[in-house]
Q: 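Below is the structure I would like to discuss, written out as structure tokens.
Bear in mind the structure is a predicted one, so any value in this text is a computation, not a measurement. Chain identifiers are assigned alphabetically (A, B, ...) following the order of the sequence lines, protein sequences preceding nucleic acid strands; residue numbering begins at 1 within each chain.
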Protein chains: 2
Amino acid sequence: MVKRTRLDDSDCPVARSVDTIGDWWSLLIVRDAFDGSRRFGQFQRSLGVAKNILAARLRALVAAGIFEVVPAADGSAYQEYVLTPKGRDLFPVIVALRQWGETHSFTPGEPHSRLVDRLTGRPLAPLRVEADDGRAVEPGDTVVIKVDRESPRAKSG
Amino acid sequence: MVKRTRLDDSDCPVARSVDTIGDWWSLLIVRDAFDGSRRFGQFQRSLGVAKNILAARLRALVAAGIFEVVPAADGSAYQEYVLTPKGRDLFPVIVALRQWGETHSFTPGEPHSRLVDRLTGRPLAPLRVEADDGRAVEPGDTVVIKVDRESPRAKSG
DNA sequence: GATTGCTGGTAGCATGTTGCAACTAGGAGG
DNA sequence: CCTCCTAGTTGCAACATGCTACCAGCAATC
């Protein structure tokens, strides 16, 4: 690329999200954070990523407000990377990717990791896209509109 | 990179998903497909992506079973790219990214596109991660386990 | 308190990937 | 038949990624 084509000025939220976290490692770093990783070395060993890449990604994720740097919890002079609320809000994204991968990228019976409810040990329910009244919504039931100026309340009912 | 670090043999479904669709353009192509794009030129104009990149991405997405190539619906001799069921299953991923982007990547009142229920014109409900009994689940309520050999029924359930 | 080891990074280099532009091949329309 | 449109492919330049080596600060040990 002459310049990786910035998408951060697109008016599509998907494009901006992809621009922020749409590279190979960022989502996996976030996934590891959900899984308990906090220290540079934890991410590095868990992901097997080169340290310069990890350092660059963490810097970008901190700059994007997804992680924040805090003093280490164990009293040492090191620092840790913890998810901000914005970062924690990526949980549905990770779960969606995980469920899609479980369904379509593994043969039945193939070993894989699984995200389960800590209380029951059972897998989570499949994510369900719903209208605001709870009806299940499929791709064809939706339409993309352009909101030129956010109106305080929905205009069409 | 010496070689973009394949993740397709990871035992984590998130990693495999990211390996398949985790580049800058694939998810946006899928998003456009949900939005009605079917032809090469439609994707190209809508995304502003270089044609060689688009061609490579579409090829990869077809190879991954996310798109399939079909004869054009308008009777012309050209072909079209339509989502397979596997591709349509990415809907929650797109919705999750869209909702995250709407929440965190736009200032209030900033113009943006929005995905709404075709029937009511109202935005969709926020995605909710739930346990299999319907309880809302947050990141801390979950744990990642390793499934070495898929058992036909849950063992601790 | 100097040395050794660990943690957390940076620097240099080779290579892969992206992107732009130019070019090509076949279909559509007049 | 000539021209434009669609759907790509190819070549080159720039940037990103990955590996390895290197470096700085903390920690524990002697």
Side-chain angles (χ1 to χ4, degrees), chain A residues 1-10 15 18-29 32-33 36-64 67-82, chain B residues 1-10 15 18-29 32-33 36-64 67-82:
Chain A
M1 41 173 113
V2 125
K3 192 61 188 312
R4 210 236 257 64
T5 302
R6 304 267 43 145
L7 300 163
D8 55 349
D9 61 343
S10 167
V18 167
D19 187 73
T20 307
I21 52 166
D23 70 282
W24 292 95
W25 292 114
S26 295
L27 276 173
L28 296 176
I29 295 171
D32 268 27
S37 293
R38 302 166 64 92
R39 294 280 281 262
F40 187 95
Q42 285 180 305
F43 291 113
Q44 211 261 311
R45 279 187 299 276
S46 165
L47 294 168
V49 61
K51 296 199 290 182
N52 55 348
I53 306 294
L54 178 57
R57 284 291 156 271
L58 285 172
R59 219 172 340 187
L61 289 168
V62 169
F67 279 92
E68 64 183 337
V69 177
V70 302
D74 64 354
S76 74
Y78 297 114
Q79 58 188 19
E80 295 184 344
Y81 297 88
V82 299
Chain B
M1 43 176 98
V2 128
K3 193 61 189 311
R4 208 227 259 74
T5 303
R6 304 268 43 144
L7 300 162
D8 54 350
D9 62 342
S10 167
V18 167
D19 187 73
T20 307
I21 52 165
D23 70 283
W24 292 96
W25 293 114
S26 296
L27 275 172
L28 296 177
I29 294 170
D32 267 27
S37 292
R38 302 166 65 91
R39 294 280 282 263
F40 187 94
Q42 285 181 304
F43 292 113
Q44 211 259 313
R45 279 186 299 275
S46 164
L47 294 168
V49 60
K51 296 199 289 182
N52 55 345
I53 305 294
L54 178 58
R57 283 292 154 270
L58 284 172
R59 221 177 345 218
L61 289 168
V62 169
F67 280 92
E68 64 183 337
V69 177
V70 302
D74 64 354
S76 73
Y78 297 114
Q79 58 187 17
E80 297 184 343
Y81 297 89
V82 299

Q: Listed by chain and number, what are the side-chain contact (heavy atoms from CB on, under 4.5 Å) partners of B:Ala33, not counting sequence neighbours?
A: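 By the side-chain contact (heavy atoms from CB on, under 4.5 Å) rule, B:Ala33 matches B:Phe43, B:Phe67, B:Leu83.
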Q: Is there a side-chain contact (heavy atoms from CB on, under 4.5 Å) between B:Leu58 and B:Val69? Walk through the geometry before answering.
A: CA-CA 10 Å; B:Leu58 284 172; B:Val69 177; over 6 Å; no
Q: With B:Asp32, which residues qualify under salt bridge (charged side-chain N to carboxylate O under 4.0 Å, His left out), at least two apart?
A: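 By the salt bridge (charged side-chain N to carboxylate O under 4.0 Å, His left out) rule, B:Asp32 matches no residue at all.
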Q: Let me spell it out: for each of B:Leu58 and A:Asn52, pick the nucleotide of DNA chain D with the closest heavy atom. Which residue's pick is nearer the 5' end?
A: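 Closest to the 5' end, via its nearest nucleotide, is B:Leu58.
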Q: Please report, rounded to the nearest Å, how far the C1' atom of C:dG8 is from the CZ atom of A:Arg45.
A: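 It works out to 11 Å between those atoms.
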Q: Can you tell me how far P of D:dT6 sits from CZ of B:Arg38, to the nearest Å?
A: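 Whole-Å distance recorded here is 17 Å.
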Q: Which whole-number value in Å describes the distance from A:Ile53 CD1 to C:dG12 C1'?
A: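 The answer, rounded to whole Å, is 13 Å.
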Q: Specify the separation, in whole Å, of atom CG of A:Asp74 and atom C1' of C:dT7.
A: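 Nearest whole value for this atom pair: 11 Å.
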Q: Would you mind classifying the nucleic acid contact of B:Tyr81 as base, sugar-phosphate or nothing, using non-hydrogen atoms under 4.0 angstrom?
A: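 If one applies the 4.0 Å heavy-atom cut-off, B:Tyr81 turns out to touch the sugar-phosphate alone, with no base involved.
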Q: B:Ala56: which residues meet the side-chain contact (heavy atoms from CB on, under 4.5 Å) condition with it, sequence neighbours left out?
A: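 Listed in chain order: B:Arg59.
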Q: Whole angstrom is fine here: how far is it from CD in A:Gln42 over to P in C:dG8?
A: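 About 8 Å, once rounded to whole Å.
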Q: If I take atom CD in residue B:Gln44 and atom C1' in nucleotide D:dT9, what distance separates them, rounded to the nearest angstrom?
A: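 That distance rounds to 14 Å.
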Q: Is the distance from OP1 or OP2 of D:dA16 to the nearest side-chain N or O of A:Trp25 less than 4.0 Å?
A: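 Looking at the OP1 and OP2 atoms of D:dA16, neither is under 4.0 Å from any side-chain N or O of A:Trp25.
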Q: When you check every protein heavy atom under 4.0 Å of nucleotides 21-30 of chain D, what one-letter string (B, S, -) results, 5' to 3'?
A: ----BBS---
Q: Just N and O in the side chain of A:Arg39: are any of them under 4.0 Å from OP1 or OP2 of C:dT7?
A: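 No, outside the criterion.
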Q: For B:Gln79, which contact category applies under a 4.0 Å heavy-atom criterion: base, sugar-phosphate, or nothing?
A: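 Sugar-phosphate, no base atom in range.
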Q: When the distance from CD1 of B:Ile29 to P of D:dG8 is rounded to whole Å, what number comes out?
A: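 After rounding, the reported distance stands at 12 Å.
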Q: Run the salt bridge (charged side-chain N to carboxylate O under 4.0 Å, His left out) test against A:Arg38 and tell me which residues pass, sequence neighbours left out.
A: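 Checked A:Arg38 against salt bridge (charged side-chain N to carboxylate O under 4.0 Å, His left out); matches are A:Glu80.
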Q: If you check every side-chain atom of B:Phe40, which of D:dT9, D:dG8, C:dT7 has the closest atom?
A: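 For the B:Phe40 side chain, the nearest candidate turns out to be D:dG8.
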Q: Check whether any side-chain N or O of B:Arg59 sits under 4.0 Å from OP1 or OP2 of D:dT9, and answer yes or no.
A: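 Yes, because at least one side-chain N or O of B:Arg59 sits under 4.0 Å from OP1 or OP2 of D:dT9.
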Q: Can you pull out every salt bridge (charged side-chain N to carboxylate O under 4.0 Å, His left out) where at least one residue sits in residues 67-78 of chain B? Sequence neighbours excluded, please.
A: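 Salt bridge (charged side-chain N to carboxylate O under 4.0 Å, His left out) check on residues 67-78 of chain B returns B:Arg39-B:Asp74.
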Q: Taking the side chain as every heavy atom from C-beta outward, state whether B:Asp23 and B:Arg57 have any atom pair closer than 4.5 Å.
A: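 Counting from C-beta outward, B:Asp23 and B:Arg57 do come under 4.5 Å.
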Q: How close or far is atom P of D:dT6 from atom CG of B:Leu54, stated in whole angstroms?
A: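 Taking atom P of D:dT6 as the reference, CG of B:Leu54 is at 14 Å.
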